[in-house]
Amino acid sequence: MSPSTSPAKVSDEQRAREEELVELVVASFDGAPDERTRHLLQALVRHLHAYVREVRLTEAEWGAAIAFLTRVGHTTTESRQEFVLLSDVLGLSMQTVAVNNEAYRNATEATVFGPFFVDEAPQVEQGGDIAAGAPGEPAWVEGTVRDVDGNPLPGARIEVWEADEEGLYDVQHDDGRTYGRGRLVADDDGGYRFWGLFPTPYPIPDDGPVGDLLASTGRSPLRASHLHFMVSAPGCRTLVTHIFVRGDELLERDSVFGVKESLVHDWEHHPAGSPTPDGRDLGGRGWASTRFDVVLAPA
Ligand code: BEZ
Ligand code: FE
């Protein structure tokens, strides 16, 4: 046990009182008819009490925590989920992703979902442009979707979304615009290709209590540059992931702990005027490219 998690040195009488309370509360859930609910609540009680006892939580600190959570609740609306953001910056979202996406052979790793997915994104043809006018450097992204045995998965659904070069998703603008997102269907060989934007870093929403928590603890709200993917196919575990950019200095300190080495990609930059893979005329602009071969685990 590390020093920071050692039980506090208290008298035998004090320890007995504290332990008696833990057991009393745990036992209060003994009659919960649903076994899973009972397990979740009893383990929660044990861990929360262990925390209070380990740090010797003061009543002022307990009050500050309640006030903070109250602000988190008041900041949460239909379009702003501050509790999920809190879970994200504490690494709880990523831990839940890890627990629920067990490593399986060569299957692609999962990462956080984030708040900016939209159900009804535009359908985009193979080779189409998901940027749809969003500002940023054009980027060609191509790859395949396969199962863990290497069989192509034709018809797999590929949903992609990303921020513009100013670090904003379309839904963060208040004019109802749609850009930087799209849905594709893998071709007969499991292949896909599209134009998007070279990803750039951006801050998670930091104008609420979670932003204050980060600022007061010297942490940055910035996320490493990334492009979101959600890939699904019948019989396979749906994959929610991102691809990152090798060399991005934020890879080591992503504010939501979403970076996995296996998801860090090499991107090539092609100078202005270079021919494009599909002959698209970019009006003399430079462009970037990468490849992302997705491997889905069985469901
Ligand atoms: C995102 O990548 O879009 C995101 C993830 C977690 C919190 C905020 C944003
Ligand atoms: Fe994102």
Side-chain angles (χ1 to χ4, degrees), residues 71-72 75-101 108-119 121 130-132 134-137 139 141 158-173 177-183 194 196-215 217 219-231 238-246 248-260 262-265 267 288 290 292 294:
R71 274 187 71 206
V72 171
T75 306
T76 298
T77 64
E78 278 286 295
S79 56
R80 169 82 179 253
Q81 230 309 350
E82 197 75 357
F83 279 109
V84 176
L85 209 56
L86 178 59
S87 162
D88 292 342
V89 303
L90 294 177
L92 291 178
S93 306
M94 265 314 279
Q95 195 65 274
T96 308
V97 167
V99 166
N100 285 277
N101 291 269
T108 305
E109 281 191 272
T111 188
V112 279
F113 194 49
F116 300 123
F117 174 76
V118 166
D119 259 330
I130 68 126
E137 181 187 3
V141 182
I158 302 149
E159 313 210 36
V160 291
W161 65 106
E162 66 176 325
D164 62 28
E165 72 177 354
E166 271 132 43
L168 292 173
Y169 287 81
D170 52 2
V171 292
Q172 293 176 285
H173 294 273
R177 71 182 76 177
T178 298
Y179 68 26
R181 63 181 72 245
R183 289 188 286 164
F194 64 88
L197 297 176
F198 180 67
T200 46
Y202 66 86
I204 62 170
D206 64 345
D207 56 348
V210 171
D212 292 347
L213 174 77
L214 295 179
T217 52
R219 279 180 53 184
S220 161
L222 288 175
R223 289 225 56 204
S225 309
H226 61 273
L227 168 57
H228 292 259
F229 277 78
M230 178 155 72
V231 186
T238 295
L239 172 71
V240 173
T241 196
H242 316 338
I243 54 175
F244 295 93
V245 178
R246 190 166 320 281
D248 180 355
E249 60 175 33
L250 290 163
L251 289 174
E252 305 283 301
R253 49 191 174 91
D254 182 43
S255 55
V256 301
F257 308 97
V259 178
K260 298 280 168 191
S262 68
L263 301 175
V264 178
H265 278 240
W267 294 69
T290 196
F292 179 34
V294 177

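Start at 1 and go down the list; that is how both ligands and their atoms are numbered. Atom set for the values below is all heavy atoms of this structure, side chains included, hydrogens, waters and symmetry mates excluded.
- Using a 4.0 Å cut-off between a side-chain N of Lys or Arg and a carboxylate O of Asp or Glu, R80 and D207 qualify as a salt bridge.
- Around ligand 1 you find L85, D88, G114, P115, F116, Y169, Y202, I204, R223, H226, H228, V256, each with a heavy-atom distance below 4.0 Å.
- With contacts defined as side-chain heavy-atom distances shorter than 4.5 Å, the pair F292/T241 qualifies.
- When each of F229, F194, F113 is tested with W161 by the rule ring pair (Phe, Tyr, Trp, His ring centres under 6.0 Å), just one qualifies, namely F113.
- Put simply, the side chain of E162 reaches to within 4.5 Å of the side chain of L197, judged on heavy atoms.
- For H173 and D164, the side-chain atoms include at least one donor-acceptor pair closer than 3.5 Å.
- For the pair R71 and G208, the tightest heavy-atom approach, listed with the atom from each and the gap, is NH2-C, 4.0 Å.
- If you check the side chains of T76 and E82, you find no donor sitting under 3.5 Å from an acceptor.
- Looking only at side-chain heavy atoms (C-beta outward), S255 and L222 stay at 4.5 Å or farther from each other.
- In terms of heavy atoms, Y169 sits closest to A163 at CE2-N, 3.5 Å.
- Closer than 2.8 Å to the Fe ion (ligand 2) sit the protein N, O or S atoms Y169 OH, Y202 OH, H226 NE2, H228 NE2.
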